[in-house]
There are 2 protein chains.
Amino acid sequence: MRTYSIGEAAKALNLTPYTLRYYDKEGLLPRIERTSGGIRSFKESDLEALKIIECLKKTGMPIKEIKTFIDWCSDGDDSLRQRYDMFQERKAVVQAQMQELLNTMSVIEHKCEYYQTALNAGTEAVHKHTHAKETSPA
Amino acid sequence: MRTYSIGEAAKALNLTPYTLRYYDKEGLLPRIERTSGGIRSFKESDLEALKIIECLKKTGMPIKEIKTFIDWCSDGDDSLRQRYDMFQERKAVVQAQMQELLNTMSVIEHKCEYYQTALNAGTEAVHKHTHAKETSPA
DNA sequence: GCTTGACTTAGAGTTAACTGTAAGGAGTAG
DNA sequence: CTACTCCTTACAGTTAACTCTAAGTCAAGC
């Protein structure tokens with residue numbers, strides 16, 4: 001099975017060696033092996049674990065919480081329930097983020113239309129209501 | 001038209017007075033008025049502008065870029081094109097974020113199933129492939 | 001008239017997640 | 001042999017976005 005240096009692993013994951021060393025320091029790579037010369041040797045399984053770590057990061061999970069999960073993984077079957085619950089919670093978090101993103105998109109799209117109309121008219125005044133004494137263009 | 005103190009505005013927007021002062025210091029509230037005593041007086045239009053600011057923040061826009069937009073708003077109709085382009089770009093950003101969130105969700109859901117199965121079996125070994133010498137539980 | 005509470009400023013401190021520096025080691029090309 | 005490149009550690013520096021502190025102002029209630 002081929003292995004990867006920290007630079008190769010970084011490239012494969014679109015990260016930097018700095019970041020990978022930082023993850024290691026924070027305890028996110030407990031199983032990482034070293035060569036006789038002390039150089040980190042990333043296996044395919046390490047890259048897979050890092051992909052999960054990046055996935056959890058994308059859900060907004062802080063690194064300390066990810067470390068808790070990594071520790072659970074090292075604990076074996078005793079922590080299956082915690083890990084299951086964690087992913088269920090992450091699922092709920094992502095669902096909420098999706099809903100929020102939809103709301104955000106709705107506002108952005110309204111603004112796109114607003115500025116499309118203003119651009120066609122050549123002036124934002126086209127949106128001024130007669131009853132509004134003052135409006136903020138933002 | 002009723003106005004709001006910084007504390008009231010913060011509550012209405014689910015922010016803190018510290019944050020609103022910080023935004024002001026960064027130039028995000030150029031039109032904010034003050035009472036004779038020097039106290040910030042938020043109008044409805046200021047709250048609306050802040051809602052747009054919060055919306056842009058949710059798309060991951062840094063505060064310095066939001067300030068650029070706020071400055072454009074003060075510039076009047078000359079900047080309509082820039083503002084339109086900016087919202088189009090934000091729309092593309094949010095679409096990309098949505099796609100990424102869908103990918104993330106897919107991974108999370110696979111892990112939910114993985115741990116559901118493991119939990120039913122009482123052990124993660126249920127997922128071990130015969131050809132795999134070693135796997136990372138993450 | 002005095003206390004209370006919310007407001008003001010300038011500026012310092014915090015946090016997360018990197019990001020870079022310095023000093024040095026090891027393997028490879030010429 | 002020597003230069004080059006990548007690796008190592010320890011630790012300092014950076015950045016964004018707050019978050020708080022200190023010292024002071026001001027209006028309202030008792």
Side-chain angles (χ1 to χ4, degrees), chain A residues 2-30 32-43 46-47 49-70 93 97 100 104, chain B residues 2-43 46-47 49-70 90 93 97 100 104:
Chain A
R2 83 157 286 198
T3 60
Y4 302 79
S5 73
I6 198 167
E8 290 167 336
K11 196 160 285 179
L13 293 156
N14 210 22
L15 299 170
T16 68
Y18 292 144
T19 305
L20 288 177
R21 285 192 203 100
Y22 169 67
Y23 286 179
D24 192 10
K25 191 158 53 179
E26 294 301 310
L28 263 46
L29 310 173
I32 201 78
E33 286 177 12
R34 303 286 186 125
T35 66
S36 58
I39 291 179
R40 290 176 190 82
S41 172
F42 291 74
K43 298 188 297 297
D46 295 320
L47 299 194
L50 275 162
K51 280 177 195 165
I52 297 299
I53 287 169
E54 288 309 292
C55 174
L56 290 173
K57 264 172 48 62
K58 278 178 192 161
T59 73
M61 200 179 205
I63 277 170
K64 281 185 182 171
E65 272 179 55
I66 297 176
K67 174 169 167 41
T68 302
F69 165 66
I70 295 295
V93 166
Q97 287 174 345
E100 188 146 292
T104 299
Chain B
R2 83 157 285 200
T3 59
Y4 302 78
S5 73
I6 198 167
E8 290 167 335
K11 195 160 289 180
L13 293 156
N14 210 23
L15 298 169
T16 68
Y18 291 144
T19 304
L20 288 176
R21 286 194 202 99
Y22 169 67
Y23 286 177
D24 192 9
K25 193 157 50 177
E26 294 299 309
L28 264 44
L29 310 172
R31 340 184 116 263
I32 201 79
E33 286 177 13
R34 303 285 187 125
T35 66
S36 58
I39 291 180
R40 289 176 192 81
S41 172
F42 290 74
K43 298 188 298 297
D46 296 319
L47 300 194
L50 276 162
K51 280 176 195 167
I52 297 299
I53 288 170
E54 289 307 291
C55 175
L56 290 173
K57 265 171 48 63
K58 278 178 193 163
T59 73
M61 201 179 205
I63 276 170
K64 281 185 181 170
E65 272 178 55
I66 297 176
K67 172 167 168 41
T68 301
F69 165 67
I70 296 294
R90 279 300 113 188
V93 165
Q97 288 174 344
E100 187 147 290
T104 299

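FYI, side chains are in, hydrogens and waters are out, and symmetry mates aren't considered; it's all heavy atoms of this structure. All chains are named by letter (A, B, ...) in the order of the sequence lines, taking the proteins before the strands, and each is independently numbered beginning at 1.
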*Is any side-chain N or O of A:Arg40 closer than 4.0 Å to OP1 or OP2 of D:dC6?*
no
*Closest to the A:Tyr22 side chain: C:dT9, C:dA17, D:dA17?*
C:dA17
*Answer whether the closest heavy-atom distance between the side chains of B:Leu28 and B:Ile63 falls below 4.5 Å.*
yes
*In whole Å, what is the span from the CD atom of B:Glu65 to the C1' atom of D:dT15?*
15 Å
*With respect to the phosphate group of C:dA6, does any side-chain polar atom (N or O) of B:Ser5 fall under 4.0 Å of OP1 or OP2?*
no
*Whole angstrom is fine here: how far is it from CG in A:Leu13 over to P in C:dC18?*
13 Å
*B:Asp46 vs B:Thr3 side-chain heavy atoms within contact, under 4.5 Å*: no
*Mapping A:Gly37 and A:Leu15 to their closest nucleotides on DNA chain C, which lands nearer the 5' end?*
A:Leu15
*Take the protein atom CD of B:Glu26 and the nucleotide atom C1' of D:dA17, then report the distance between them rounded to whole Å.*
9 Å
_Atom pair CG (A:Leu50) and CG (A:Leu29), whose distance is rounded to the nearest 0.5 Å_ = 5.0 Å
_Nearest-0.5 Å distance, CG of residue B:Leu15 to CD of residue B:Glu54_ = 4.5 Å
_Spacing of A:Asp24 atom CG relative to D:dT8 atom C1', expressed in whole Å_ = 12 Å
*Whole-Å distance separating the CG atom of A:Leu20 from the C1' atom of D:dT9*: 16 Å
*Which nucleotide in the set D:dC11, D:dC18, C:dT8 lies at the smallest distance from any side-chain heavy atom of B:Ile6?*
C:dT8
_Measuring to OP1 and OP2 of D:dC26, would you say a side-chain N or O of B:Arg34 lies under 4.0 angstrom away?_
no
*Any side-chain N or O of A:Arg21 under 4.0 Å from OP1/OP2 of C:dA17?*
no
_At 4.0 Å (heavy atoms only), tell me whether A:Pro62 reaches a base, stays on the sugar-phosphate, or touches nothing._
sugar-phosphate
*Does any N or O in the side chain of B:Glu65 come within less than 3.5 Å of the main-chain N or O of B:Pro62, such that one atom is a donor and the other an acceptor?*
no
*Heavy atoms only: give me the nearest A:Ser41-A:Ile32 pair and the separation to one decimal.*
O-CD1, 3.9 Å
*Starting at atom CD1 of B:Ile53, determine the distance to atom P of D:dC18, rounded to an integer number of angstrom.*
11 Å
*Identify which nucleotide among D:dC11, D:dT8, C:dA16 has an atom closest to any side-chain atom of A:Lys64, counting heavy atoms from C-beta outward.*
C:dA16
*Pairwise 5' ranking along DNA chain D for B:Glu54 and B:Ser36, keeping only the more 5' one*: B:Glu54
_Let's see if you can work this out: which of C:dG11, C:dC18, C:dA16 has an atom nearest to the side-chain heavy atoms of A:Thr19?_
C:dC18
*Could you check how far CD of A:Glu33 sits from P of D:dT8, rounded to whole Å?*
14 Å
*Look at the side-chain N and O atoms of B:Lys57 and state whether any lies under 4.0 Å from the OP1 or OP2 oxygen of D:dC18.*
yes
*Would you kindly give the CG-to-C1' distance between B:Asn14 and D:dC18, to the nearest whole Å?*
15 Å
*asked:* Given D:dC18, D:dC20, D:dT8, identify the nucleotide with an atom nearest to the side chain of B:Tyr18.
replied: D:dC20
